[in-house]
Asker: 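After the structure tokens below, expect a handful of questions from me.
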Amino acid sequence: MKIAFTKRFELLKGFILLFLGISLLLRVIFLIWNFSEIDHGVITVFTTFLIGLFYDIGTVSFFALIATLYFLIVPKGLIGTMADRVICYSGFIVGVLIIFFSFFAEITFWDEFQRRFNFIAVDYLIYTYEVVKNINESYPIPILIGSIGILVMLTVLLFIRLRIFKRTFESTDPFKIRLLPSVIILGIALIFTLFIKNENAEISDNRYNNELSKAGIYSFFAAFRNNELSYPEFYKTEPIEEAFLKVNGNIKTFQDSIYTPSTGIRRYIRNDGKEKKPNIIFICIESLSAKYLGAFGNDNMLTPTLDSLSQVGLSFDNLMATGTRTVRGMEAITLSIPPTPGRSIVKREKNNNLFTIGEIFRGKGYTRTFFYGGDGYFDNMDKYFSGNGFDIVDRGRGFLPSADIVTNRKNIADEEVTFENAWGVCDEDIYKKVLKEADSAFAIGRPFLDFIMTTSNHKPYTYPANKIGIPSGTGRYGAIKYTDFAIQEFLRNAKQKPWFKNTVFVLMADHCASSAGRWELDVANYHIPAMILNLDGVEKQHIDRLCSQVDIFPTLFAQLGWTYESNLFGQDILKMEETDERAFIGNYRKLGLLKGHELMVLGDQKQANFYNWKRDDNSLVAKPMNQDFLKETISYFQVADHLYNNNGLSLKVNE
């Protein structure tokens, strides 16, 4: 480094060493933070840190490239002038500010997701209002900003004291001498641009070790470039007609009529029994893992309401979320589709006029309304639901252009709000709005479907005071208990309504509180509660069949005796044979099919890993590849992706 980085490059050398030192410190912090989850053998840790250093060098090369080009092209006569000093000081301060900002930002991101920056961080750049407000309500922002400012100032003073700036400005290096470090930095940056992928850091079976190996800033820009992934390009495939035939063979019952089984999944579903048309209120509960319910063994008494409700209706005790974010849950519920790689369909182009559960309800004469306590522009929710026929009720602060809403929209007025945080009004307030709108729908004599997305069980975990005995803002346990309390109040008030007796309530989480774990897909962190309540003529039952979010509404339709056209992957859980049981789980890169205790995971390097899932300790043990299982897994995800990209999810399909 001393040979390559001559006197003129002293400042850049100091910046590089500072970056590498801060990155090493951050990696050590994360190692200690999750030490019990990490494979911490000496060789493994050494390898992890060595790979991390490699990615840190690649990351800092992009910062250094700008400075290198400047130091290279500035003539000798301008070195050390006032203009040169202003540019060097300003550039250095900006670079150091980025280093320390990234340091604290990565810590807060790791605190919530136990990951380096990924596509979630990219999305957060778009929704600055909610994110900035959430950070402000969750962390001591003045202290963080003050700390960053002090650290930047101390770093500049240290570099002045070490005479690094002085040596940089006193340099008389000719152009030829300055060319060597420029070529080195440019070469490293080109290598990382053209040949090194973020996924190359993932050499361990332990997800935490893989995350430690990465560099946060590099991971951020990798996610920025790869928010959408082409399934045929990155994943294992089968001949598409064979894939369709395999999927249709799995989802078809003897009563179904599939139109074109080799090119689509559209079919006509017949269910026995007299057709019923009760009102449907679906509550999508934010971030509620099954492990927090007493019904699943939690002894902290957080969910007495949900625990009691699970004993009076249909309780699905072995149901898995398809993903790790709200929009992924919404996708699974409304489209009844396995996850596709990259971002959720809710946030993509071509996401309107699709065949959702709303179309089935429309055909039965229902009104359809999406309720959200925040601003539905977040994560594109309003545009997606409106574009698929749902009226909108949200806080509506005006962030979304009115042209994006093609159905009716109502705002939650200020006078209807008793408590509000970064994500929206408290659950009690949104439920009061639902009751009010349900009264209006009942008055016109039409059955209604209300899709409610709650917000209170989300960081900063704040809610109205004096409700549950746990102070607001003290942690997730309080938010869960308040969420449960608000459901109790909602149902108590709903029972006083004339429409209650003819209303079915469906409750299900959108995803777990955390998907983080040491495995590439952490199975236990996809387990969520789900139940159907107040369904006339259906006895209470605990259903232990392995199933998915995609199955809940097809199951409800069967209990209502509906015959309908379907483009859904979901099945009636109550009719599942043991061989039918399965769950789709994934994140934006990994796609998994779980059957019994076996899990197949597809990766974006055309990889596939087959595991035995040990439920007792939630570990994954590698197994020899099962080709039939692999083909089945590929077929589900390939067909889902093919349908989206070839208009196969549209209301009208040419199959």
Asker: Has the side chain of H40 got a donor or acceptor atom that lies under 3.5 Å from a matching backbone atom of F35?
Answerer: yes
Asker: Give every residue pair that meets the side chain to side chain donor-acceptor pair (under 3.5 Å) criterion with at least one member in residues 148-166, sequence neighbours excluded.
Answerer: K166-E170
Asker: Hey, could you give me the CD1/OG1 distance between I185 and T68, rounded to the nearest 0.5 Å?
Answerer: 4.5 Å
Asker: Any chance you could measure T193, atom OG1, to L186, atom CG, to the nearest 0.5 Å?
Answerer: 9.0 Å
Asker: Taking all atoms of both residues into account, what is the closest heavy-atom pair of D39 and S204, and its distance?
Answerer: OD2-OG, 4.2 Å
Asker: For Y235 and Y231, take the angle between the two ring planes, folded into 0 to 90°, and tell me which bin it lands in: parallel under 30, tilted 30 to 60, perpendicular over 60.
Answerer: parallel
Asker: First locate atom CG of D375, then atom CG of D394, and finally report the distance between them rounded to the nearest 0.5 Å.
Answerer: 6.0 Å
Asker: Only pairs at least two apart or in different chains count here, so list each salt bridge (charged side-chain N to carboxylate O under 4.0 Å, His left out) that has a residue in residues 18-28.
Answerer: R27-D56
Asker: Assess whether atom CD1 of I43 is packed by more than 12 heavy atoms of other residues, nucleotides or ligands within 6.0 Å.
Answerer: no
Asker: Any chance the rings of F192 and Y218 have centres within less than 6.0 Å?
Answerer: yes
Asker: If only atom types and distance count, is the side chain of W423 paired as donor or acceptor with the main-chain N or O of K459 below 3.5 Å?
Answerer: yes
Asker: What distance separates D604 CG from E202 CD, expressed to the nearest 0.5 Å?
Answerer: 7.5 Å
Asker: Is there a side chain to side chain donor-acceptor pair (under 3.5 Å) between Q114 and N34? Walk through the geometry before answering.
Answerer: CA-CA 9 Å; Q114 286 77 56; N34 293 104; 6.0 Å; no
Asker: In this structure, are over 12 heavy atoms from other groups packed under 6.0 Å from D84 atom CG?
Answerer: yes
Asker: So which heavy atom on C426 is nearest to which on T418, and how close?
Answerer: SG-OG1, 3.9 Å
Asker: Just by modelled atom types, is the K291 backbone N or O under 3.5 Å from a matching donor or acceptor in the N298 side chain?
Answerer: yes
Asker: Taking T455 for its side chain and V425 for its backbone only, find out whether a donor-acceptor pair lies under 3.5 Å.
Answerer: yes
Asker: Between atom CG of L20 and atom CZ of F15, what is the distance when rounded to the nearest 0.5 Å?
Answerer: 10.0 Å
Asker: Keeping T48 on the side-chain end and T44 on the backbone end, is there a donor-acceptor pair under 3.5 Å?
Answerer: yes
Asker: Give, for atom CZ of F63 and atom CD1 of I16, the distance between the pair rounded to the nearest 0.5 Å.
Answerer: 11.5 Å
Asker: In terms of heavy-atom contacts, does CZ of F419 have more than 12 from other residues, nucleotides or ligands at under 6.0 Å?
Answerer: yes
Asker: Examine distances only and state if a side-chain atom of W519 and a backbone atom of N618 form a donor-acceptor pair shorter than 3.5 Å.
Answerer: yes
Asker: Salt bridge (Lys or Arg N to Asp or Glu O under 4.0 Å) between K7 and E10: does it pass, once the steps are laid out?
Answerer: CA-CA 5 Å; K7 197 172 182 181; E10 279 287 314; over 6 Å; no
Asker: For K214, is there any backbone N or O sitting under 3.5 Å from a side-chain donor or acceptor partner on R116?
Answerer: yes
Asker: With distance as the sole test, does N411 use its side chain to make a donor-acceptor pair with the main-chain N or O of A413 at under 3.5 Å?
Answerer: no
Asker: Restricting to non-hydrogen atoms, name the atom on F30 and the atom on E106 that form the minimum distance, rounded to 0.1 Å.
Answerer: CZ-O, 3.8 Å
Asker: Would a 4.5 Å heavy-atom cut-off, applied to side chains only, mark I203 and S213 as touching?
Answerer: no
Asker: Closest heavy-atom contact between Y70 and C88?
Answerer: CE2-SG, 4.0 Å
Asker: Evaluate the ring planes of W110 and Y208, with Trp represented by its six-membered ring, and classify them as parallel (under 30°), tilted (30 to 60°) or perpendicular (over 60°).
Answerer: tilted
Asker: Taking T108 for the side chain and A105 for the main chain, is one N or O donor matched with an acceptor at less than 3.5 Å?
Answerer: yes
Asker: Extract all donor-acceptor atom pairs below 3.5 Å that involve side chains of residues 473-481 and protein atoms in other chains or at least two apart in sequence.
Answerer:
from: T474; atom 1: OG1; to: P471; atom 2: O; distance (Å): 2.7
from: R476; atom 1: NH2; to: Y461; atom 2: OH; distance (Å): 2.7
from: Y477; atom 1: OH; to: N300; atom 2: ND2; distance (Å): 3.3

Asker: Are the side chains of Y377 and K383 in touch, meaning some heavy atoms are under 4.5 Å apart?
Answerer: no
Asker: How close do L620 and V523 get, heavy atom to heavy atom, and via which atoms?
Answerer: CD2-CG2, 4.3 Å
Asker: For residues D382 and I405, report the shortest heavy-atom separation together with the two atoms involved.
Answerer: CB-CD1, 3.7 Å
Asker: Quick one: which of R328, K347, R343 gives a salt bridge (Lys or Arg N to Asp or Glu O under 4.0 Å) with D379?
Answerer: K347
Asker: Which of these, T462, T483, D427, D429, sits in a side-chain hydrogen bond (donor to acceptor under 3.5 Å, both in side chains) with S456?
Answerer: D427
Asker: Where the side chain of N457 meets the backbone of S287, is there a donor-acceptor pair that is under 3.5 Å apart?
Answerer: yes
Asker: Does I143, at its CD1 atom, have more than 12 non-hydrogen atoms belonging to other residues, nucleotides or ligands within less than 6.0 Å?
Answerer: no
Asker: Would you check, one step at a time, whether the test side chain to side chain donor-acceptor pair (under 3.5 Å) holds for T340 with R348?
Answerer: CA-CA 11 Å; T340 50; R348 295 196 205 175; 2.8 Å; yes
Asker: Does any donor atom in the side chain of T324 or N587 lie under 3.5 Å from an acceptor atom in the other side chain?
Answerer: no
